[in-house]
Amino acid sequence: MSGCGGHGHGGGHDGHGHGGGCSHGGHDEVPADMGIAYSLYTRIDTMNVECLNESVDGAGKLVFKPWEERLNLDKFVESDADEELLFNIPFTDNIKLKGIVVIGGENGFHPSKMRVFKNRPHMTFDDTGVKAEQEFELHPDPSGTLEYGTKIVTFSSVTHLTLHFPSNFGEDTTKIYYIGFRGEYTKAHRHGVTICQYETSPQFMDHKDKVMDSVGNPIM
């Protein structure tokens, strides 16, 4: 099992924050031609994606792929010790996230819930007890026709996304074939820091030649 350090179950699922602002079951059908809208996979820093509890090392990176390849069932991730999966997803640019599509495994292997955290790099299962920015009750979606709409104000400036899949529809393990993101991005600025020096107040020594005594002689 890769990256499963701290995979604790004790109390980790309390405080899911089902109150204000959580979306449960809110989803829309995705229009047929969504290739451009779901091109945010090119903004994912795929090499640094972390998937905890994956049964095969590196498999979690494979579910982020072009829209037209979303139905390719050769690439998928399956959980290892139990049904939970956790993805830490860094982006190369600033993301405004508007929607998520998840294609899971057949029957009971499909995840039943998704919890979304914003800008919290390197989360572990021990960290998932905190309230998520948004939660979704998922529905089996083998064709990628359901979109889970995010709260755009909340997800308007995202550099890192964590997705926690705590449960599925009854199997011992969870399978995911595709995760897609719809939204916009702004290029990250990577220029050096400009250092500006300002004189906050005049210093006496800087102006001593202009300071005169009462009879007109310079004060040294």
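- Between the E83 side chain and the S167 main chain, no donor and acceptor come within less than 3.5 Å of each other.
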(message) Set out, in order, the CA-CA distance, both residues' side-chain angles and the distance that settles salt bridge (Lys or Arg N to Asp or Glu O under 4.0 Å) for E133 and R120, then state yes or no.
(response) CA-CA 11 Å; E133 269 71 29; R120 304 188 197 186; 3.2 Å; yes

(request) Would you sort out whether D80 and E54 count as a side-chain contact (heavy atoms from CB on, under 4.5 Å), showing the intermediate values? (result) CA-CA 5 Å; D80 186 18; E54 58 185 0; over 6 Å; no

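- With K96 contributing its side chain and G183 its backbone, the two residues share no donor-acceptor pair below 3.5 Å.
- Across all their heavy atoms, F117 and H164 have their closest contact at CE1-CB, 4.1 Å.
- When side chains are defined from C-beta on, V56 does not count as touching V77, because their heavy atoms never get closer than 4.5 Å.
- The main-chain N or O of T186 is never found under 3.5 Å from a side-chain atom of N94 such that the two would form a donor-acceptor pair.
- Inspection of the Y38 and E68 side chains reveals no N or O donor paired with an N or O acceptor under 3.5 Å.
- A side-chain donor from one of T174 and N168 sits under 3.5 Å from a side-chain acceptor of the other.
- The minimum heavy-atom distance between H139 and Y148, with the atom names listed, is N-OH, 2.9 Å.
- Among all heavy-atom pairs drawn from F165 and P111, the shortest one is CD2-CB, 3.7 Å.
- Here T150 contributes atom OG1 and K98 contributes atom NZ; the two are 9.0 Å apart, rounded to the nearest 0.5 Å.
- Interatomic distance, OG of S157 versus CG of N119, reported as 6.5 Å (0.5 Å rounding).
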(request) Using the side-chain contact (heavy atoms from CB on, under 4.5 Å) rule, take F155 and Q134 through it: C-alpha gap first, then chi angles, then the decisive distance, then the call. (result) CA-CA 10 Å; F155 294 97; Q134 197 165 358; 3.4 Å; yes

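- Taking the six-membered ring wherever Trp is involved, the centroid distance between the rings of Y41 and F64 does not fall below 6.0 Å.
- In this structure, CG in N53 is found 10.5 Å from CZ in F87, a value given to the nearest 0.5 Å.
- Judged by a 6.0 Å distance limit and a 45° cone about the ring axis, R70 is not positioned over the six-membered ring of Y178.
- For T92 (side chain) and R43 (main-chain N/O), a donor-acceptor pair under 3.5 Å exists by modelled atom type.
- Using modelled atom types, no side-chain atom of D45 and backbone atom of F91 make a donor-acceptor pair closer than 3.5 Å.
- Cluster membership check: I95 does not share its hydrophobic cluster with I152, using side-chain heavy-atom separations under 4.5 Å among Ile, Leu, Val, Met, Phe, Trp and Tyr.
- When all heavy atoms are compared, the tightest approach of K118 to V158 is CG-CG2, 4.2 Å.
- Neither side chain, T173 nor S79, offers a donor N or O lying under 3.5 Å from an acceptor on the other.
- Here K175 pairs with E106 in a salt bridge; the nearest charged N to carboxylate O distance falls below 4.0 Å.
- When the side chains of ILVMFWY residues are joined at heavy-atom separations under 4.5 Å, either directly or via intervening members, Y177 and W67 end up in a single hydrophobic cluster.
- A continuous path of Ile, Leu, Val, Met, Phe, Trp and Tyr side chains, each step under 4.5 Å between heavy atoms, connects V116 with V102, placing both in one hydrophobic cluster.
- Residues S39 and I36 approach most closely at OG-O, 2.7 Å, considering heavy atoms.
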(request) Could you please spell out the steps behind the side-chain contact (heavy atoms from CB on, under 4.5 Å) verdict for D82 and E84? (result) CA-CA 6 Å; D82 53 29; E84 285 192 272; 3.6 Å; yes

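- When atom types are taken as modelled, the side chain of K65 and the backbone of K75 share a donor-acceptor pair closer than 3.5 angstrom.
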(request) Apply side-chain contact (heavy atoms from CB on, under 4.5 Å) to the pair L97 and F181, showing each step before the final yes or no. (result) CA-CA 7 Å; L97 182 65; F181 300 121; 3.7 Å; yes

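- Atom CG of L40 is separated from atom OG1 of T42 by 7.0 Å, given to the nearest 0.5 angstrom.
- Rounded to the nearest 0.5 Å, atoms CG (L86) and SG (C51) are 7.5 Å apart.
- Under the 3.5 Å distance criterion, with hydrogens and angles disregarded, no donor-acceptor pair is assigned to the side chains of H110 and E171.
- Under the 3.5 Å distance criterion, the side-chain polar atoms of D127 are matched with a main-chain donor or acceptor of T124.
- Side-chain contact check for T162 and N88: at least one donor-acceptor pair (N or O, by modelled atom type) lies under 3.5 Å.
- Here the closest heavy-atom approach between residue V101 and residue E147 is recorded as CG2-CA, 4.1 Å.
- Interatomic distance, L163 CG to I176 CD1, rounded to the nearest 0.5 Å: 8.0 Å.
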